[in-house]
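Start at 1 with the first residue, then count along the sequence. Quick note: numbers below take in every heavy atom, side chains included, and nothing from hydrogens, waters or symmetry partners.
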Amino acid sequence: MYTVKTAEGCGQITEQKLERPSSLKKAGSVPERISCCLGAADAHPGPQESAAAARSAPPHGSATAAPDGRAVKRGAAGMGKRRGGRELARGLSKRQRKHLRQFGEQHPVCDRVSGRPEATQICELSDNSDKSSAESDSETEVEQVSVYHKLLATLKASPESESEEEEDESELEEAGESEVELDSEGSQEPKEAVGGEEEQNDVPEQEEEVAAKDPPEQELGQEQAGGVETSCDPNHGAIEEFTDVKHEAAFSLETNFMEEESGDCDADRRESNSSQAFSEDPFKQHMDKELGEKEVEKISTLSKTSSQSKWPRLGQLTFSSSLEKHTALKPDKEFDLKQLYLHKPLESTWPKVNKHFLSSASKSSDSSFTPLQRELFCIMNTYRDLFYPERNALTNGEEIRHAYCLHALNHILKANAQVLSNNAKKRDQKPGADSDDYRDQGLTRPKVLMIVPFRECALRIVHIFISLLEVNEKRKIDVSNKKRFKGEFGSDPDEKPPNLKRPEDYEAVFAGNIDDHFRIGVAILQKSMRLYAPFYSSDIIIASPLGMRTIIGTEGEKKRDFDFLSSIEMLIIDQADIYLMQNWEHVLHLMKHINLLPLDSHGVDFSRVRMPNLNNWSKYYRQTLLFSALQDPQINAIFNKHCFNYMGQVAVRNVPLSGSISHVVVQLPHVFRRIEAENLTSLIDTRFQFFIDKVLPEYRDAIMSHTLIYVPSYFDYVRLRNYFKKEELNFTHICEYTKKASICRARRSFLKGEKQFLLLTERFHFYKRYTIKGIRNLIFYELPTYSHFYSEICNMMKATDSGVDATWTCTVLYSKYDAQELAAVVGIDRTAQMLQSKKNVHLFVTGENE
């Protein structure tokens with residue numbers, strides 16, 4: 001029971017006996033009646049008083065001053081043991097939970113004592129106590145120390161109480177830190193309280209009332225709005241990914257103007273007016289072009305006309321277009337940066353960013369592009385689709401990345417500058433004027449979609465963007481959430497295992513953070529960049545195919561969204577060959593959901609939307625840039641069947657002259673056996689039947705031991721594995737899903753000859769690149785996707801010093817549908833002879849004594 005003294009009228013003092021909150025009860029240690037100086041202000045604490053009380057909370061052993069002026073003495077043991085369960089912390093705000101962790105009880109400002117407003121009685125604080133943040137001019141009187149406080153003072157010397165409280169504090173602190181995230185999901189069940197069922201039942205009704213006024217969901221929203229990283233708890237389950245809500249207004253295109261974007265407003269307007277007057281900018285020529293229905297019908301129905309051209313660096317190019325008026329380009333040997341119509345500040349920053357790629361010869365010619373970048377950017381800047389299948393992570397990978405980052409950033413800066421300029425013009429125009437001249441947007445804001453395989457690639461792209469936007473070291477751009485981005489997309493150098501020997505191309509591809517499930521929105525204005533922007537507030541989306549698949553979803557799923565892909569103006573797919581090793585279905589799924597009409601308006605101003613977007617013609621304006629390390633039918637299908645750019649397509653079509661078989665250093669006979677299949681659909685079954693009828697019987701003899709069967713397709717691998725088990729053959733197998741211990745056992749048994757056959761998948765070799773020892777006979781069930789894998793696997797035979805080189809054999813199965821893979825292995829001339837020959841078996845011999 002509390003004895004509460006309140007002032008009623010002029011100097012009249014009454015006593016009220018109230019039940020003490022059950023949160024302060026402790027069996028056998030708390031007297032039934034205590035005397036405290038409480039005021040009516042405790043019944044209805046305001047938000048300012050709560051904040052001040054939380055900030056001024058002192059440590060144990062000192063007196064704390066509440067906002068209404070009262071003083072309460074707290075001992076080392078606090079106001080009883082902390083209630084260690086989440087049931088107690090669930091209904092509290094962030095500051096209340098903090099006080100609960102520090103002092104083992106709710107702050108007194110949260111206690112409800114009386115329902116009617118009464119005057120507060122002021123107590124005088126001691127000299128060594130903390131000052132209250134809310135001072136009063138009322139009279140003060142000396143606080144009477146209660147029996148309850150005396151009892152708490154005696155508990156200070158009890159070591160058992162201190163240790164117990166520390167344990168309870170640590171447990172409740174861990175529970176309190178994750179409580180915000182648990183409440184945000186709504187699907188997590190609260191765990192049992194540390195104190196047991198009895199303490200759970202002791203939660204007072206006053207706390208429930210406070211929780212009703214301050215729900216945890218509201219507190220969570222405030223934390224996220226302030227940039228608190230509430231979604232990065234590794235111990236948490238399936239949580240909603242972090243998005244930056246704090247900088248929404250600063251990066252909004254609808255509420256900003258050209259004056260706010262750049263300090264030199266007149267220069268920006270002069271630049272905008274000059275570009276509109278001459279209309280020579282490729283960006284304006286491409287985006288302002290309005291197609292007619294007849295032209296759209298030609299693009300969608302008629303076949304493309306193509307022409308050939310040879311460029312100095314790119315080699316053989318194929319230009320194709322459905323519209324007859326578009327002709328082949330000619331390479332510019334030298335061009336000035338002003339001719340490229342780069343948006344500021346790219347004209348000044350690009351030479352600095354790209355200088356480490358330039359050789360001494362390029363620097364002497366005052367060119368800021370390498371020969372490869374010059375020809376690639378010449379095609380990109382005309383807004384034609386581009387397919388470049390000769391990307392190499394070791395040699396030209398970073399050159400290409402810098403080139404398409406420059407093009408994408410140039411496109412974004414021009415598009416945003418146009419919107420901000422029209423915002424200013426629309427603001428200054430007279431009411432009632434025609435506003436149809438300001439159509440400068442799509443149905444949604446995202447304009448550029450970059451598909452990359454790993455987080456390390458996204459990290460490098462963002463670093464290039466930052467370098468291109470920073471004019472000099474003194475003028476650094478403001479990048480929001482940069483620290484979080486580096487933590488999630490960066491890598492720890494110490495994580496790399498020591499003494500790991502892998503080929504150079506493997507080290508280049510798998511450098512840094514190789515997580516393949518990510519997506520991030522980037523909003524860019526000329527002086528600042530916003531990472532983790534919501535997709536509908538982003539200019540650029542950087543994602544992996546798996547990251548896009550999980551948000552696009554499949555038909556029938558409740559949570560799926562692909563409206564943000566409706567107005568993509570530039571699609572960049574880098575390192576497309578790696579997606580063949582991940583899951584190509586994710587890429588196809590993405591291409592089916594891009595540039596579709598959105599299901600919701602998402603607050604768009606339709607008076608600012610371009611007419612092609614309203615007509616559902618966005619795909620005819622989208623530029624697709626496709627970079628790969630090889631030519632593959634599946635990659636070619638993306639470029640031929642999913643690219644409808646009215647400007648046309650440009651593909652690099654260089655043919656390999658020698659092939660990777662020339663890199664085989666061991667003396668080895670290569671037997672190529674052709675499979676005759678009626679069509680591509682029946683090829684899978686025909687290949688399997690040919691293998692078990694013609695090839696496998698030759699290797700069943702015990703003499704033909706140590707036989708490695710290289711299988712590119714996982715489905716073919718499963719089919720062969722099941723057949724080998726059914727036939728009870730002496731074999732072992734390794735695929736990308738095999739555990740490390742099983743891999744070691746399989747390699748050891750194959751090396752010792754305990755297992756006659758070893759089934760090996762191509763994806764395992766791609767991701768691990770182990771050297772398989774003990775190979776004497778080699779069978780390529782199908783030609784490898786990467787041509788250099790052929791020579792790598794063949795050269796593994798020299799890893800075993802057995803001295804039986806004469807018994808080594810190699811058999812390769814191929815068909816006429818494998819022309820591209822075959823040309824990459826044996827060369828284009830030999831491929832033509834092998835496919836046109838009447839013979840189905842061809843023999844090649846490699847080695848030093850050839």
Side-chain angles (χ1 to χ4, degrees), residues 279-309 317-329 379-387 411 415 418 436-444 446-449 552 555 562-573 587-601 604 606-626 633-651 653:
S279 297
E280 295 178 357
D281 189 349
F283 166 79
K284 293 190 63 62
Q285 290 179 353
H286 180 67
M287 301 307 298
D288 293 347
K289 167 74 175 178
E290 291 193 9
L291 296 175
E293 293 185 0
K294 293 184 178 179
E295 293 175 311
V296 172
E297 187 178 355
K298 283 184 178 180
I299 297 174
S300 58
T301 58
L302 297 181
S303 60
K304 301 175 183 178
T305 58
S306 59
S307 60
Q308 304 289 330
S309 178
L317 301 184
T318 301
F319 294 84
S320 58
S321 175
S322 298
L323 304 180
E324 299 178 357
K325 61 181 180 180
H326 293 289
T327 57
L329 281 175
I379 299 173
M380 294 179 193
N381 208 32
T382 60
Y383 282 88
R384 287 176 167 87
D385 293 340
L386 173 63
F387 175 38
H411 179 85
Q418 185 181 22
D436 199 51
D437 297 335
Y438 303 129
R439 295 192 177 274
D440 51 14
Q441 304 175 19
L443 291 167
T444 53
K447 307 173 187 65
V448 176
L449 175 62
I552 292 175
E555 200 169 335
F562 49 87
D563 285 356
F564 57 89
L565 299 173
S566 61
S567 299
I568 294 296
E569 298 166 1
M570 185 182 300
L571 172 63
I572 301 174
I573 303 178
V587 179
L588 298 177
H589 193 71
L590 168 65
M591 300 305 296
K592 293 177 182 177
H593 290 83
I594 196 170
N595 293 124
L596 301 178
L597 283 176
L599 303 178
D600 191 11
S601 62
V604 66
F606 287 97
S607 65
R608 301 286 296 273
V609 179
R610 296 187 182 93
M611 292 307 298
N613 297 88
L614 296 176
N615 293 332
N616 196 20
W617 292 349
S618 301
K619 63 181 179 180
Y620 302 116
Y621 288 78
R622 186 191 77 230
Q623 182 186 25
T624 304
L625 305 178
L626 189 58
Q634 298 182 81
I635 302 177
N636 292 336
I638 290 289
F639 192 72
N640 295 330
K641 295 183 179 180
H642 295 276
C643 297
F644 306 95
N645 190 354
Y646 79 90
M647 290 295 294
Q649 288 79 33
V650 181
R653 300 296 185 187

Are [X] and [Y] packed together at the side-chain level, in the sense that at least one heavy-atom pair is separated by less than 4.5 angstrom?
| X | Y | result |
| --- | --- | --- |
| Phe606 | Ser601 | yes |
| Ile594 | Leu449 | yes |
| Asn595 | Leu565 | no |
| Phe644 | Ser300 | no |
| Gln623 | Leu625 | yes |
| Leu317 | Ile379 | yes |
| Phe639 | Gln649 | yes |
| Asn636 | Phe387 | yes |

Locate the shortest heavy-atom distance separating [X] from [Y]; write the atom from each residue and the value.
| X | Y | answer |
| --- | --- | --- |
| His593 | Leu596 | CA-CD1, 3.7 Å |
| Cys643 | Arg622 | CA-NH2, 4.1 Å |
| Asp563 | Asp600 | OD2-N, 3.3 Å |
| Lys289 | Glu295 | NZ-OE2, 4.0 Å |
| Pro446 | Ile568 | O-CD1, 3.8 Å |

With side chain to side chain contact (heavy atoms under 4.5 Å, CB included) as the test, would you mind laying out the steps for Gln441 and Arg608 before giving the verdict? CA-CA 6 Å; Gln441 304 175 19; Arg608 301 286 296 273; 3.7 Å; yes
Just verifying a value: how many Å separate [X] [atom1] and [Y] [atom2], rounded to the nearest 0.5 Å?
| X | Y | atom1 | atom2 | answer |
| --- | --- | --- | --- | --- |
| Lys304 | Ser322 | NZ | OG | 5.5 Å |
| Asp385 | Met570 | CG | CE | 10.5 Å |
| Asn645 | Arg384 | CG | CZ | 9.0 Å |
| Lys447 | Met287 | NZ | CE | 9.5 Å |

Strictly by modelled atom types, are Ser566 and Thr444 linked by a side-chain donor-acceptor pair under 3.5 Å? yes
Would you tell me whether Thr318 and Gln308 have side-chain atoms, one donor and one acceptor, within less than 3.5 Å of each other? yes
Pairing residues for His642 by the side chain to side chain contact (heavy atoms under 4.5 Å, CB included) criterion, not counting sequence neighbours: Met591, Ile638
Please verify the inter-ring angle class for His286 with Tyr383; under 30° counts as parallel, over 60° as perpendicular, anything in between as tilted. parallel
With distance as the sole test, does [X] use its side chain to make a donor-acceptor pair with the main-chain N or O of [Y] at under 3.5 Å?
| X | Y | result |
| --- | --- | --- |
| Ser567 | Leu443 | yes |
| Thr624 | Leu571 | no |
| Asn615 | Met611 | yes |

Please evaluate residues Leu626 and Leu386 with respect to the criterion side chain to side chain contact (heavy atoms under 4.5 Å, CB included), reporting the C-alpha separation (whole Å), side-chain torsions for both, the decisive distance (0.1 Å), and the verdict. CA-CA 6 Å; Leu626 189 58; Leu386 173 63; over 6 Å; no
Near-ring test Tyr620/Tyr646, centroid separation under 6.0 angstrom: no
Any chance you could lay out the side chain to side chain contact (heavy atoms under 4.5 Å, CB included) test for Ser607 and Tyr438, step after step, and finish with the verdict? CA-CA 8 Å; Ser607 65; Tyr438 303 129; over 6 Å; no
Decide side chain to side chain contact (heavy atoms under 4.5 Å, CB included) for Phe283 and Asp288; before the verdict, give the C-alpha distance in whole Å, the side-chain angles of both, and the deciding distance to 0.1 Å. CA-CA 8 Å; Phe283 166 79; Asp288 293 347; over 6 Å; no
Mind checking what makes side chain to side chain donor-acceptor pair (under 3.5 Å) contact with Glu569, not counting sequence neighbours? His411, Arg610
